[in-house]
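First comes the structure, then the notes that go with it.
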Amino acid sequence: MTIHADIVFENGSVFDGSRLLPTSTRVAISGTSIIAVGSDVDGVVGVGTRRVDLEGGLLLPGFTDAHIHPIEGGLERMRCDLSPASTRDEYLSIIRAYAEANPDLPWILGGGWQLAAFPGGVPQASDLDAVVGARPVFLANRDHHGAWVSTRALELAGIDRNTPDPVDGRIERNADGSPSGVLQEGARLLVSRLVPDDTDDDNYSALLAAQGYLHSVGVTGWQDAIVGDYGNHSDTGDVYLRAAKNGDLTARVVAALWWDRNRGSEQIPELVARREQLAHERFAASSIKIMQDGIPENQTAAMIDPYVVPTGCRCGAGGLGSGLSFVDPAVLGDYVASLDALAFQIHFHAIGDRAVREALDAFAEAQRRNGPSANRHHIAHVQVVHPHDISRFAELDVTANLQTLWASFEPQMVELNLPVLGEERSAWQYPFADLANAGSRLASGSDWPVTTPDPWAAIHVAVNRTLPPGDADYTSKAFYPAQSLTLEQALASYTSGSARINGHDSAGRIAEGFDADLVVVDRDPFASPTELISETRTRETWVRGRQVF
């Protein structure tokens, strides 16, 4: 019996997850699946078939964001959201207005400020005091590796000039040793532990708000890069499971369960039990997130050689030498091998070249013990990669999980990264082309709310190595342009590459038998200058044949 299509997409271009198909290509879907792809699909067209006119635009697989924090993003959008602004005065104006509009809130919470808006990346508690008075404030910076806090928050936490830095962080200080109002990495917990916990209902609302926003930019699935008790963020696994069981979770999601760096292998049975508890068709807790280092901006990214701190540089307090390895590399390989043997995927945060090497060494140890893995391990961020380690990604079958939007000469890069990295290491940053040319698998993600979740902004930078021309921080100088990806490579990374990371083998491609997770955009970016990629806009988003935007 002939299966008739419910919908046929026609009159546009089609990218199938790896390449651009001939211009005459049409795509037919029935129920949740793609049933025909080609120039002639008339055999499955029936009386009730709906025709979707692409109007010269592009049809492509739904984007899978391979590294994102959507509930945090949703919460920030619901709270004091600083992400639309870029200067000290703009931030303080938003904070003042939010505080005045919410006089009964016990804490002012939110985030999204940029380090480059302040000398040395260090704003002052006194600025917050001036606009909120004696109220406690905790505002994460846009990369969530630091927090701006008020004097009252410092007082509640008992932080003063005599408080020692924790081993995994730093309290920024004024010249007299008093705390300035910024807490880096693990030091954030000194205050965040006092912040009222988000309720499950808060997190549920944030998840649904985030999902709607992500569908509006064409994202149909993602990997939540931290699910567990981390800082003042409670474990949101049960929130996801509730949404999945209620039918509210339309996206397909994988959770990266948080590896507590203050514990060891004794937590593994708990992670196994958590994976079993959270199993669902739309949601799986099959990955483990290990944060191996910090970021160069505050000199906590783990580097092989020490940071350079030039005289007069606006680059923070310094003094950390070569950065921090949050998990002892002497035992990291044992942890990774044990998790790999239990069929967990490992999702590393590794930004510095030493952290990247430590992660690769751990995967090599796991492979030595267990043999080749089918667990699709990946390393996120890969900002600074030593040239000797480029080939190891393909050799170990480790995917490079790219946050491509960061590869540009934006203020944070120019003022806080380049000076402390030095000329040679600066050129090793975000080596997308080198990784691709060495045969590495690529995936892509946004790290939202660190930066926008719009895949087209990230794809624009991947191809052009500049921010979009309309961005306030745009400069025409390309960031090491030899490391650019082609448009096909960048799109494949964000579709089929990221779907593979999540184990969604029926998604990420437009081919017969695959899930009808699809995005319609308003133009064919292959037919326009690459400088216009970021102008691409989502018209429609479909998940398993259901229109969700």
Side-chain angles (χ1 to χ4, degrees), residues 80 82 85 87-96 98-99 105-196 231-232 294-301 307 309-321 323-324 326 411-412 415-416 419-420:
C80 187
L82 302 178
T87 69
R88 170 187 173 275
D89 290 345
E90 289 172 345
Y91 294 145
L92 293 174
S93 177
I94 292 172
I95 296 164
R96 183 194 297 275
Y98 182 84
L105 287 178
W107 283 74
I108 303 299
L109 303 175
W113 56 274
Q114 297 187 45
L115 283 77
F118 304 94
V122 181
Q124 298 293 308
S126 57
D127 281 344
L128 292 177
D129 302 340
V131 296
V132 303
R135 296 173 72 179
V137 180
F138 185 94
L139 299 169
N141 68 8
R142 72 175 188 179
D143 54 38
H144 285 247
H145 288 263
W148 184 11
V149 299
S150 65
T151 297
R152 181 57 179 154
L154 292 168
E155 291 172 349
L156 289 171
I159 300 172
D160 58 25
R161 71 181 68 236
N162 299 314
T163 305
D165 290 342
V167 295
D168 60 347
R170 182 172 73 246
I171 302 167
E172 298 287 8
R173 303 176 191 272
N174 298 315
D176 63 359
S178 61
S180 66
V182 170
L183 306 174
Q184 307 284 17
E185 300 295 346
R188 292 169 300 157
L189 304 184
L190 300 174
V191 169
S192 68
R193 62 184 174 81
L194 304 176
V195 172
N232 66 314
I295 57 174
E297 289 89 333
N298 63 18
Q299 299 166 44
T300 58
Y307 286 97
V309 186
T311 302
C313 172
R314 289 182 64 206
C315 46
L320 290 184
L324 301 174
F326 291 143
Q412 195 158 301
E415 297 177 17
L416 300 176
V420 300

Can you check whether [Y]'s main-chain N or O pairs, donor with acceptor, with [X]'s side chain at less than 3.5 Å?
{"X": "Trp113", "Y": "Arg142", "value": "no"}
{"X": "Asp165", "Y": "Ile171", "value": "yes"}
{"X": "Arg88", "Y": "Asp127", "value": "no"}
{"X": "Arg170", "Y": "Gln299", "value": "no"}

How close do [X] and [Y] get, counting heavy atoms only, and between which atoms?
{"X": "Gln184", "Y": "Val182", "answer": "NE2-CG1, 3.8 Å"}
{"X": "Ala99", "Y": "Val132", "answer": "CB-CG1, 3.9 Å"}
{"X": "Gly186", "Y": "Pro166", "answer": "C-CG, 4.0 Å"}
{"X": "Ala157", "Y": "Leu190", "answer": "CB-O, 3.3 Å"}
{"X": "Arg135", "Y": "Ser150", "answer": "O-OG, 3.0 Å"}
{"X": "Tyr307", "Y": "Pro296", "answer": "OH-CA, 3.8 Å"}

State which residues pass side-chain hydrogen bond (donor to acceptor under 3.5 Å, both in side chains) with Thr151; sequence neighbours excluded, sorted by chain then number. Asp129
Quick one: salt bridge (charged side-chain N to carboxylate O under 4.0 Å, His left out) pairs with a partner in residues 176-192, sequence neighbours left out? Arg161-Asp176
Restricting to pairs with a member in residues 113-122, which pass salt bridge (charged side-chain N to carboxylate O under 4.0 Å, His left out), not counting sequence neighbours? none
[Y] and [X], any side-chain heavy atoms less than 4.5 Å apart:
{"X": "Trp107", "Y": "Leu194", "answer": "yes"}
{"X": "Glu415", "Y": "Leu115", "answer": "no"}
{"X": "Leu156", "Y": "Val191", "answer": "no"}
{"X": "Ile108", "Y": "Leu128", "answer": "no"}

Got a second to check how far [X]'s [atom1] is from [Y]'s [atom2], nearest 0.5 Å?
{"X": "Leu139", "Y": "Ile94", "atom1": "CG", "atom2": "CD1", "value": "10.5 Å"}
{"X": "Ser178", "Y": "Asn162", "atom1": "OG", "atom2": "CG", "value": "11.0 Å"}
{"X": "Leu105", "Y": "Cys80", "atom1": "CG", "atom2": "SG", "value": "10.0 Å"}
{"X": "Arg173", "Y": "Thr163", "atom1": "CZ", "atom2": "OG1", "value": "6.5 Å"}

May I have the step-by-step check of side-chain contact (heavy atoms from CB on, under 4.5 Å) for Val149 and Val137, ending in yes or no? CA-CA 5 Å; Val149 299; Val137 180; 5.9 Å; no
Hey, what's the ring geometry for Phe118 with Tyr91, parallel, tilted or perpendicular (30° and 60° as the breaks)? parallel
Looking only at side chains, do Gln114 and Gln412 share a donor and an acceptor under 3.5 Å apart? no
Go through it in stages, so that I can follow the logic: the residues are Asn298 and Thr300, the test is side-chain hydrogen bond (donor to acceptor under 3.5 Å, both in side chains), and I'd like the CA-CA distance, side-chain angles, deciding distance and then a yes or no. CA-CA 6 Å; Asn298 63 18; Thr300 58; 2.4 Å; yes
Working note: Trp148 + Ile95, criterion side-chain contact (heavy atoms from CB on, under 4.5 Å); need CA distance, chi angles, decisive distance, verdict. CA-CA 12 Å; Trp148 184 11; Ile95 296 164; 4.0 Å; yes
